[in-house]
Amino acid sequence: MHLPIRTVTPESESAAIIGWVHEIRDLGGLMFFLIRDRTGIIQVTIPKKKVPAEVLDAARDVSRESVVRVRGRVKAIDKAPGGREIVPDGLEIISLAGSPLPLDVAEKVPAEMDTRIDSRFLDARKPRVRAIFCIRSAVTCAATEFLHSRGCINITTPKIVAAATEGGTELFPIAYFEKEAFMNQSPQLYKQMMMAAGFEKVFEIGPIFRAEEHNTIRHLNEATSLDVEVSFADHNDVMELLEDLIVYVYESVAGTCGDDLAELGISLSIPGKPFPRIRYEEAIEIANRTIEDKLSFGDDLTPAAERAIGSGIGQHYFIVDWPTDIRPYYAMPYPDRPELCKAFDMMHPRMELSSGAQRVHDHDLLVERIRAKGLAPEAFEFYLKAFRYGMPPHAGWGLGIERLVMTMLDLGNIREAVLFPRDRHRLTP
RNA sequence: GCCCAGGUAGUGUAGUGGCCUAUCAUGACGGCCUGUCACGCCGUCGACACGGAUUCAAAUUCCGUCCUGGGCGCCA
């Protein structure tokens with residue numbers, strides 16, 4: 001039996017713990033070890049003349065980052081971290097760590113992202129890295145709770161798909177027995193088909209794959225998307241759902257991840273509802289006041305434009321009413337002004353987090369929209385079929401989990417928000 | 001894909017033609033040290049990505065290769 005290190009208090013009489021050797025300080029007659037597990041760090045103090053010989057031998061042999069079991073008396077002592085320390089009766093090396101270490105877990109010396117990812121298992125021993133992933137876990141957990149509470153059904157859609165069905169982004173081709181197949185870029189078509197199934201409200205948290213050769217701090221080739229689709233809803237309904245979700249997730253993290261946030265030095269401020277809605281045409285106007293390369297109607301927002309708008313607003317916001325031409329075929333055009341559509345992006349001041357729309361649910365209009373994008377409706381037969389036998393009006397969005405975590409925790413690089421990032425150059429570990 | 005910047009001990013760095021058998025820190029090893037908490041002090045160990053070129057002389061300049069970071073493009 002062993003105790004989580006956090007639960008060992010100055011009032012404890014004795015304790016047995018298992019953890020990694022975080023630091024060793026040898027003062028001569030006295031040795032100090034810091035032992036770390038995922039709950040915290042405790043000091044183990046060894047007065048060399050007073051401990052059993054086996055303890056002394058193990059203390060001399062052990063290396064940093066080895067796994068050790070320690071049992072002994074707990075002493076309340078102000079000078080020790082956490083106000084307590086263990087004086088061991090037993091010290092057992094369970095797994096001796098090699099030396100030198102590929103990176104310094106105690107972070108006396110920093111390591112570059114590349115070095116860190118090469119030894120991600122060691123990097124993730126750092127309390128601040130662990131904290132990021134505990135918070136990410138809380139984020140997806142809170143999002144799942146929230147969507148269940150709103151009556152959404154958690155679905156899983158295929159990640160291996162038949163063809164480059166959506167146009168736009170590049171797909172990763174794979175061999176599927178005798179057929180050509182691709183890694184899916186989004187669950188978009190499948191979650192819409194579940195509207196035709198009458199599931200009414202669905203969500204999925206899953207991987208998406210984009211074969212773009214981008215090389216930035218905010219793109220990954222394998223990312224995690226939170227996708228939602230709701231029937232009998234329009235774009236305004238799902239924007240409200242999205243901002244409710246963001247606020248719920250922030251509140252949940254603030255309420256349950258206090259120690260992790262403290263580890264990261266973050267004091268989380270909960271976004272205020274409603275998020276401002278800015279029309280696309282207003283957005284380019286605002287951006288054009290400050291950016292060099294002016295935008296005109298029909299241009300997508302550049303990163304510089306996103307930052308210019310974001311820094312003025314200073315909080316999460318929506319950009320609504322986009323030109324139909326620069327949104328996907330499934331975005332619903334306004335009937336009275338079809339050059340605009342019921343699409344939106346949800347933005348953090350730093351970057352886009354989510355995009356969504358009310359969808360085209362009319363079969364013939366959808367075919368027309370697909371053609372207008374220069375795509376062949378025949379390639380979409382499996383999808384279009386769902387629009388012929390009673391497709392309800394519906395709307396939805398997709399939200400990048402890594403970007404949500406990145407912006408929530410003010411991380412400098414999206415790779416901080418994923419354990420094993422896949423980017424232009426990295427396929428291992 | 002275009003552009004910019006890089007690759008020096010395990011890790012993070014200094015060094016832009018000779019002053020470099022390469023700086024500092026961390027680390028490892030040895031020594032001293034009974035209250036450290038980035039412990040301190042002394043000693044030792046360990047590196048110029050690879051290949052070619054220029055030069056009396058290359059970590060430093062040039063060419064090529066490989067690798068990396070970032071900006072942009074692209075990204076429904």
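Letters A, B, ... are given to chains in the order of the sequence lines, protein chains preceding strands, and every chain is numbered from 1. All values reported here derive from a predicted model rather than from experimental measurement.
In terms of phosphate contacts, A:Lys108 brings a side-chain nitrogen or oxygen within less than 4.0 Å of OP1 or OP2 of B:G27. Dashed line: the shortest gap from a side-chain N or O of A:Arg218 to OP1 or OP2 of B:C72 is under 4.0 Å. Using a 4.0 Å cut-off, no side-chain N or O of A:Gln43 falls inside it from OP1 or OP2 of B:U36.
In this structure, A:Glu65 reaches neither bases nor backbone, as no heavy-atom distance under 4.0 Å exists between it and the strands shown. Within the 4.0 angstrom heavy-atom criterion, no nucleotide atom of any strand lies near A:Asp300. At a threshold of 4.0 angstrom between heavy atoms, the contacts of A:Thr302 are confined to the sugar-phosphate backbone, with no base atom among them. Among the heavy atoms of the strands lying under 4.0 Å from A:Lys49 is at least one base atom, whether or not backbone atoms are also near. Nucleic acid contact for A:Ala331: none, since no nucleic acid atom lies under 4.0 Å from a heavy atom of the residue. Across all strands, A:Arg307 comes closer than 4.0 Å only to sugar-phosphate atoms, never to a base (heavy-atom distances).
Taking a 6.0 Å sphere around CZ of A:Arg426, one finds it holds more than 12 heavy atoms contributed by other residues, nucleotides or ligands.
Looking at A:His316 and A:Glu243, their side chains never bring a donor and an acceptor atom within 3.5 Å of each other.
Of the candidate nucleotides B:U26, B:G35, B:C75, B:C75 has the atom lying nearest to any side-chain atom of A:Arg210. The side chain of A:Thr45 sits closest to B:G35 out of B:G73, B:C33, B:G35. In the set B:C33, B:G35, B:G73, the nucleotide with an atom closest to the side chain of A:His214 is B:G73. For A:Val109, the listed nucleotide lying nearest its side chain is B:A25; candidates were B:A76, B:G35, B:A25. Closest approach to the A:Pro81 side chain among B:U11, B:G1, B:U36 is made by B:U36 (side chain taken as heavy atoms from C-beta onward). Checking B:A76, B:C75, B:G73 against the side-chain heavy atoms of A:Glu212 singles out B:C75 as nearest.
In this structure B:G18 sits in a base pair with B:C56, meeting the Watson-Crick or G-U test at under 3.5 Å. Applying the Watson-Crick and G-U wobble criteria (two distances, each under 3.5 Å), B:C66 pairs with B:G7. In this structure B:C74 sits in no base pair that meets the Watson-Crick or G-U test at under 3.5 Å. Searching all strands for a Watson-Crick or G-U wobble partner of B:C24 with both distances below 3.5 Å returns B:G12. Across all strands shown, B:A47 forms no Watson-Crick or G-U wobble pair with both distances under 3.5 Å. Across all strands shown, B:G35 forms no Watson-Crick or G-U wobble pair with both key distances under 3.5 Å.
The interatomic distance linking A:Leu103 (CG) with B:G10 (C1') rounds to 9 Å, in whole Å. Between A:Arg60 atom CZ and B:G30 atom P there is a gap of 11 Å when expressed in whole angstrom units. If you measure from atom CG of A:Leu27 to atom C1' of B:U34, you get 7 Å, rounded to the nearest angstrom. Per the geometry, CE belonging to A:Met351 stands 10 Å off P belonging to B:G71, to the nearest Å. The distance from atom CG of A:Leu30 to atom C1' of B:G35 is 6 Å, rounded to the nearest whole Å. Summarising the geometry, the separation between NZ on A:Lys48 and C1' on B:U34 is reported as 10 Å, rounded to the nearest angstrom. Atom P of nucleotide B:A38 and atom CZ of A:Arg64 are separated by 14 Å, given to the nearest angstrom. Counting to the nearest Å, the P atom of B:G40 and the CZ atom of A:Phe32 are 14 Å from each other.
For residues 372-387 of chain A, the set of pairs meeting the salt bridge (charged side-chain N to carboxylate O under 4.0 Å, His left out) definition, not counting sequence neighbours, comprises A:Glu381-A:Arg388.
Using a 4.5 Å heavy-atom threshold, the side chains of A:Val129 and A:Arg120 count as touching.
Spacing of P atoms, B:C56 relative to B:U13, comes out at 36 Å, to the nearest Å. When the P atom is compared between B:U21 and B:C32, the two are found 35 Å apart, to the nearest whole Å. Rounded to a whole angstrom, the distance from the P atom of B:A9 to that of B:A47 is 9 Å. B:A59 and B:C19: their P atoms are spaced 10 Å apart (whole Å). Using C1' as the reference atom, B:G18 and B:G12 are 29 Å apart when rounded to the nearest Å. A gap of 31 Å separates the P atoms of B:A38 and B:G46, to the nearest Å. Taking atom P in both B:C48 and B:G30, the straight-line distance is 26 Å, to the nearest Å. Separating the C1' atom of B:G7 from that of B:A49 is a span of 6 Å, rounded to the nearest Å.
No hydrogens or angles were tested; on distance alone, a donor-acceptor pair under 3.5 Å links the side chain of A:Ser186 to the base of B:A76. On a pure distance criterion of 3.5 Å, a polar donor-acceptor pair joins the side chain of A:Tyr330 and the base of B:A76.
With hydrogens and angles ignored, the 3.5 Å screen pairs a side-chain donor or acceptor of A:Ser354 with a backbone N or O of A:Gly398. Judged by distance alone, with hydrogens and angles left aside, the side-chain atoms of A:Ser66 form a donor-acceptor pair with the main-chain N or O of A:Ala97 at under 3.5 Å.
For the residue pair A:Leu340 and A:Asp321, the shortest heavy atom distance occurs at CD2-O, 3.6 Å.
Taking the nucleotide of RNA chain B with the nearest heavy atom to each of A:Lys79 and A:Lys373, the more 5' of the two is matched to A:Lys79.
Aromatic ring orientation, A:Phe380 versus A:Tyr329: perpendicular (interplanar angle above 60°, classes split at 30° and 60°).
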Nucleic acid footprint by protein, nucleotides 64-70 of chain B - heavy-atom cut-off 4.0 Å, B for base, S for sugar-phosphate alone:
----SSB

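When A:His214, A:His219, A:Arg415 are each tested for a side chain to side chain donor-acceptor pair (under 3.5 Å) with A:Asp423, only one passes: A:Arg415. Residue A:Glu85 is tested with A:Lys79, A:Lys75, A:Arg73 for a side-chain contact (heavy atoms from CB on, under 4.5 Å); the sole match is A:Lys75.
Among residues two or more places apart in sequence or in another chain, the ring pair (Phe, Tyr, Trp, His ring centres under 6.0 Å) test is passed with A:Phe344 by A:Phe318.
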